Number of protein chains: 2
Amino acid sequence: MAIFSKTCEYAIRAVFFIAHKTATGSRVGIKDIAQGIDSPEHFLAKILQDLSRKGLISSIKGPHGGFYIDTPALSRPLSEIVEAVDGNSLFVGCALGLKQCSEINPCPLHNEFKAIRNRIHAMLATTTIGSFNEELMEGLLSLKK
Amino acid sequence: MAIFSKTCEYAIRAVFFIAHKTATGSRVGIKDIAQGIDSPEHFLAKILQDLSRKGLISSIKGPHGGFYIDTPALSRPLSEIVEAVDGNSLFVGCALGLKQCSEINPCPLHNEFKAIRNRIHAMLATTTIGSFNEELMEGLLSLKK
DNA sequence: TTAATAAAAGATATTTTTGTCTTTTATTTT
DNA sequence: AAAATAAAAGACAAAAATATCTTTTATTAA
């Protein structure tokens with residue numbers, strides 16, 4: 001099992017992709033994004049529509065339209081994307097799927113896993129959507145293959 | 001998204017359950033296990049058959065039969081269960097699903113996530129199947145709800 | 001050696017995730 | 001206004017994960 005759903009993997013990669021394209025001043029169409037992150041175009045379209053509805057990314061229809069991310073949104077944490085797509089179970093859920101797992105009713109992995117969960121959350125909460133724009137423009141980081 | 005598949009959650013809970021029953025000297029039937037960890041009986045049966053085929057747990061058919069875990073297997077790491085069920089992608093895979101993500105071709109989250117992956121693996125590699133037998137017998141840990 | 005027990009195996013069903021294709025709506029340019 | 005562009009929305013399809021039910025096989029006990 002991967003840590004994120006396929007949907008969420010595509011969402012994160014697309015958001016990074018759009019962010020760094022926006023940083024160069026241009027909007028970007030679904031076709032370019034899908035090809036830039038190697039994802040199925042129409043499936044990605046659904047995901048971006050959803051993120052757009054939730055106000056995490058922006059879009060404009062028609063000629064010279066496309067997706068972009070406005071400046072304030074560039075400093076939002078990646079955790080908001082993950083939460084919008086996969087929910088917050090990765091941040092708060094029990095490793096063994098127990099609904100009532102807690103300090104006073106712990107599963108065997110509770111304490112260890114809580115620390116891991118927190119670390120995952122910390123990683124996503126401290127990296128912003130625009131964090132990697134420079135490295136992406138320089139081609140130092142990969143979003144496909 | 002949860003960190004493990006449902007199948008894997010059931011597998012881990014069942015293995016802990018069988019381990020601590022074994023520690024009390026008795027074999028345990030699928031019905032008792034399913035009820036002891038609050039899982040669908042027949043679905044769990046499949047999972048245990050698989051673990052049994054792979055030699056991670058043992059079983060005996062017929063009256064007074066049931067599942068058990070022999071002494072050497074009690075000190076096996078939990079990571080073997082996880083790997084048998086969910087594969088090793090949680091331990092080695094890229095957070096963004098990129099097949100070729102690596103030191104020399106990293107995704108944006110590569111370094112941070114590698115540390116997290118390693119920590120997850122460490123947790124599972126250092127906890128053995130029998131680790132929690134005492135606390136389970138004393139009712140200090142939960143495997144259901 | 002028959003009946004009872006319990007896991008193994010097989011077949012099927014449901015739900016969720018992932019992916020594709022088509023139509024509609026908004027916007028811009030000619 | 002008409003044509004072109006591009007996202008939004010809707011309908012549908014395939015695959016994978018989860019779940020249920022039935023039959024078979026192995027073992028034990030009467």
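Since the model is a prediction, treat every value here as computed from it, not as a measurement.
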Output the rounded distance in Å from [atom1] ([X]) to [atom2] ([N]).
X: A/K31; N: D/dA7; atom1: NZ; atom2: P; value: 9 Å
X: A/I47; N: D/dA7; atom1: CD1; atom2: C1'; value: 15 Å
X: A/I30; N: D/dT5; atom1: CD1; atom2: C1'; value: 15 Å
X: B/Q49; N: D/dT25; atom1: CD; atom2: C1'; value: 12 Å
X: B/L44; N: D/dC21; atom1: CG; atom2: P; value: 16 Å
X: A/K46; N: C/dT24; atom1: NZ; atom2: P; value: 14 Å
X: B/R27; N: C/dT5; atom1: CZ; atom2: C1'; value: 13 Å
X: A/K61; N: D/dA6; atom1: NZ; atom2: P; value: 14 Å

(request) Specify the closest pair of heavy atoms between B/Y10 and B/I37, including all atoms of both residues, with the distance to one decimal. (result) O-CD1, 3.6 Å
(request) Could you say whether B/L48 or A/F4 is positioned toward the 5' end of DNA chain C, judged by the nucleotide with the nearest heavy atom to each? (result) B/L48
(message) Go nucleotide by nucleotide along DNA chain C from the 5' end; which of A/C8 and B/G62 gets its closest nucleotide reached first?
(response) B/G62
(request) State which of D/dA19, C/dC21, D/dA7 makes the closest approach to the side chain of B/F43. (result) D/dA19
(message) As a test of reading the structure: which of C/dA7, D/dA8, C/dT22 is closest to the side chain of A/H42, going by heavy atoms?
(response) C/dT22
(message) Tell me if the aromatic rings of B/F17 and B/H20 count as close, with their centers under 6.0 Å from one another.
(response) yes
Below 4.0 angstrom from OP1 or OP2 of [N], is there any side-chain N or O of [X]?
X: B/S59; N: C/dA6; answer: no
X: B/R53; N: C/dA9; answer: yes
X: B/S52; N: C/dA8; answer: yes
X: B/Y10; N: D/dA19; answer: yes
X: B/T7; N: D/dT18; answer: yes
X: A/H64; N: C/dT29; answer: yes

(message) Under a 4.0 Å threshold between the charged nitrogen and the carboxylate oxygen, would A/K46 count as salt-bridged to A/D50?
(response) no
(message) One thing to verify: whether A/K54 and A/E80 come together as a salt bridge, which I'm taking to mean a side-chain N less than 4.0 angstrom from a carboxylate O.
(response) no
(message) Counting the atoms with a prime plus P, OP1 and OP2 as sugar-phosphate, which does B/I60 contact under 4.0 Å by heavy atoms, base, sugar-phosphate, or nothing?
(response) sugar-phosphate
(request) State the CG-CD1 distance between B/L51 and B/I81, to the nearest 0.5 angstrom. (result) 5.0 Å
(request) Answer with yes or no whether A/K6 presents, from its side chain, a donor or acceptor under 3.5 Å of a partner atom in the base of C/dT17. (result) no
